There are 2 protein chains.
Amino acid sequence: MATIYDVSQLAGVSLATVSRVMNKNTNVSEKTKQKVLAAMAELGYRPNTFAQSLASNCSNSVGVLVSQLDGPYYGPMMAEIEAALRADNRHVIIAVGHSDAAQEIDSVEFLLSKGCDALILDVEAISDDYLIKLSQSSTPIVLINRYIAEISDCCIYLNNELGGYMATRHLLDLGHRDIAYISGPSKKHDAIERLEGHKRALAEVGISYDPALCFEGDYKEDSGVDGMNYLFSQNKTFTAVVCANDQMVSGAISVCLERGMQIPQDLSFVGYDNIPFARYVSPKLTTVNNPIHEMGKMAALWLLKNLYKQDLEVENVFEPELVVRNSAIRI
Amino acid sequence: MATIYDVSQLAGVSLATVSRVMNKNTNVSEKTKQKVLAAMAELGYRPNTFAQSLASNCSNSVGVLVSQLDGPYYGPMMAEIEAALRADNRHVIIAVGHSDAAQEIDSVEFLLSKGCDALILDVEAISDDYLIKLSQSSTPIVLINRYIAEISDCCIYLNNELGGYMATRHLLDLGHRDIAYISGPSKKHDAIERLEGHKRALAEVGISYDPALCFEGDYKEDSGVDGMNYLFSQNKTFTAVVCANDQMVSGAISVCLERGMQIPQDLSFVGYDNIPFARYVSPKLTTVNNPIHEMGKMAALWLLKNLYKQDLEVENVFEPELVVRNSAIRI
DNA sequence: CTGTTAGCGCTTTCAT
DNA sequence: ATGAAAGCGCTAACAG
């Protein structure tokens, strides 16, 4: 493998000059620049990134920590992050936190030990305090899907409360009055916020929230199944159910279908996230759009702007949108 | 940030000794080892990976190139790769190839330029020749979802032809005789192989393959929609359709449902891949299981064994399995 | 505009 | 078992 030294020899210039043309330093005459470029091409020269990183203290890598890699949720986000960073010749290192505090912390340590220039974190279990402290260290972080007032500038998040409100409000507008709710884990911020929105919509029309009509799931399909079974076991009437994410409505609907029910004729459903499959299942899901890929992109742009000093506009908070399809009808 | 030098000072030993304990070199007395460990702990020492990589010419990173990050397919694979490598303190750098030859090549160059110790590639468009040549370079590669005879040792793949055969054979066994097929892109190896299997099953019972009953999709939901519309427009009779992946059956079924058809009563479907959603859509999909996460894991183990010299068993070829659910019934 | 030179923090012979 | 010292390939003052 050719080194910068070989290039400088071939081009008949010094190491520094070669380094300058690599780093697009302007103080190089067009002529020498061409000589150097030619030498590089001839040698098939490829700079050693480790030597660069060691000398410059910049690795051009950003670590991305997500809760999980499988599932429909993080793929689109990772795709946007990779694309935005890659376009600027930076690379992304991935790590998975499994929604567990110890593993999440271990993962940020891991990423830090790998010398990332910055971290993009989608973490559930790590405490606010830890993150605030982390944000004060020399490695910049950006938080996706989480709002912490003290470090709001580096938070990219969705207005989940509003989304929860919209879902239930839609059902209310369709005439439903007995609305069940299958929630996400009560320790996840977004799950709490979505449920808050649900309650606000209910309160707005004077309906009191009935805990018996609320089941706490874990965002996976199976807990939609469990939730539905629980709700049926309550012997309460309800004409609609909102689920805190689309995967759970998928599970929930499957048990209804197995019982021979017709959806949405017998029961209306509203989901959350608008995952790709929401348009293809039957009935097509009425759901709240979660612009997760846009947030991923924005996180990358945030870094490009604040760390790598590009001139870019960045927005922190995203608004959910109701996507009306066929799983909820007027009562 | 403390350096190895600080540690050596505090412990009262030389740089070399500190380096030895980091690298688990045996030639260190237990006593000095403890002194060094204590010094490290006290300083919160974290080795600089770039200096390590520069000096040792080993980065402990492996590049993973996939066609896409969104979609249900690659998540499970990436998850397994990350977990297996991470457990051994290696990290994974991701890149996306978008099933385009130029972008795929650009991605491997990118990964190589980032100093990866090895590459895990799931590439569609790159030529066999390029890959054979690449495998002869100093950076090991392992191919997922692809078989190239000349470098079969580093290929981890599924017997796609057999899977295609199984899907159609199942329908045949259920009494179907007029079976349509929605294929993947004719330039993708796995799509070709699956179709081959379909043809073999047909031939086995003396049915001649009718090109008019075959539509070439692109593995995405929308092409399942297109495929179904095409098939209906042919005015041919068929009682079942096999799709080369589950996403396309999802799209295909949605158009049937819109036409007021009952699935599987009016038309049977068999898919391929057994993506997570296959169990939750209605009807639950009868499909061919694709152990993509196992293949991902195996690719990681292959590297652990061949590159990082761990003592492990690795298998190259995986067998598909028919998963019988509710989307196909006896005619 | 170009060259010289001193590191960046670690690994790895080679001595002892 | 431990230490001294020579790099690994590059960047970034500094000098000219």
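This one's a predicted model, so the numbers in the text were calculated from it and none came from an experiment. Computation of the quantities below employed the complete heavy-atom set of this structure, encompassing side-chain atoms and omitting hydrogens, waters and symmetry-equivalent molecules. Letters A, B, ... mirror the listed sequences (proteins, then strands); counts begin at 1.
Side-chain contact check for A:Asn160 and A:Tyr147: no donor-acceptor pair (N or O, by modelled atom type) lies under 3.5 Å.
A:Asp190 has no carboxylate O lying under 4.0 Å from a charged side-chain N of A:Arg146, or vice versa, which leaves the two without a salt bridge. A salt bridge links A:Asp106 to B:Arg86: one of the charged nitrogens lies within less than 4.0 Å of a carboxylate oxygen.
One can place CG of A:Asn60 at 13 Å from C1' of D:dC10, the figure rounded to the nearest angstrom. The interatomic distance linking A:Lys24 (NZ) with D:dT11 (C1') rounds to 16 Å, in whole Å. In this structure, the CG atom of A:Asn27 is 13 Å from the P atom of C:dG3, given to the nearest Å. Separating the CD atom of A:Gln34 from the P atom of C:dC1 is a distance of 14 Å, rounded to the nearest angstrom.
Every residue two or more places apart in sequence or in another chain that forms a side chain to side chain donor-acceptor pair (under 3.5 Å) with A:Ser99 is listed here: A:Lys188.
Side-chain atoms of B:Thr32 do not come within 3.5 Å of backbone N or O of B:Val28 as any donor-acceptor pair. Side-chain N or O atoms of B:Asp6 include one that pairs as donor or acceptor with a backbone N or O of B:Thr3 at under 3.5 Å.
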Practice item. For each nucleotide in nucleotides 6-16 of chain C, reading 5' to 3', give B when a protein heavy atom comes within less than 4.0 Å of its base, S when such contact involves only the sugar-phosphate, and - otherwise. Key: -BBBBBB----

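Across all strands, B:Thr32 comes closer than 4.0 Å only to sugar-phosphate atoms, never to a base (heavy-atom distances).
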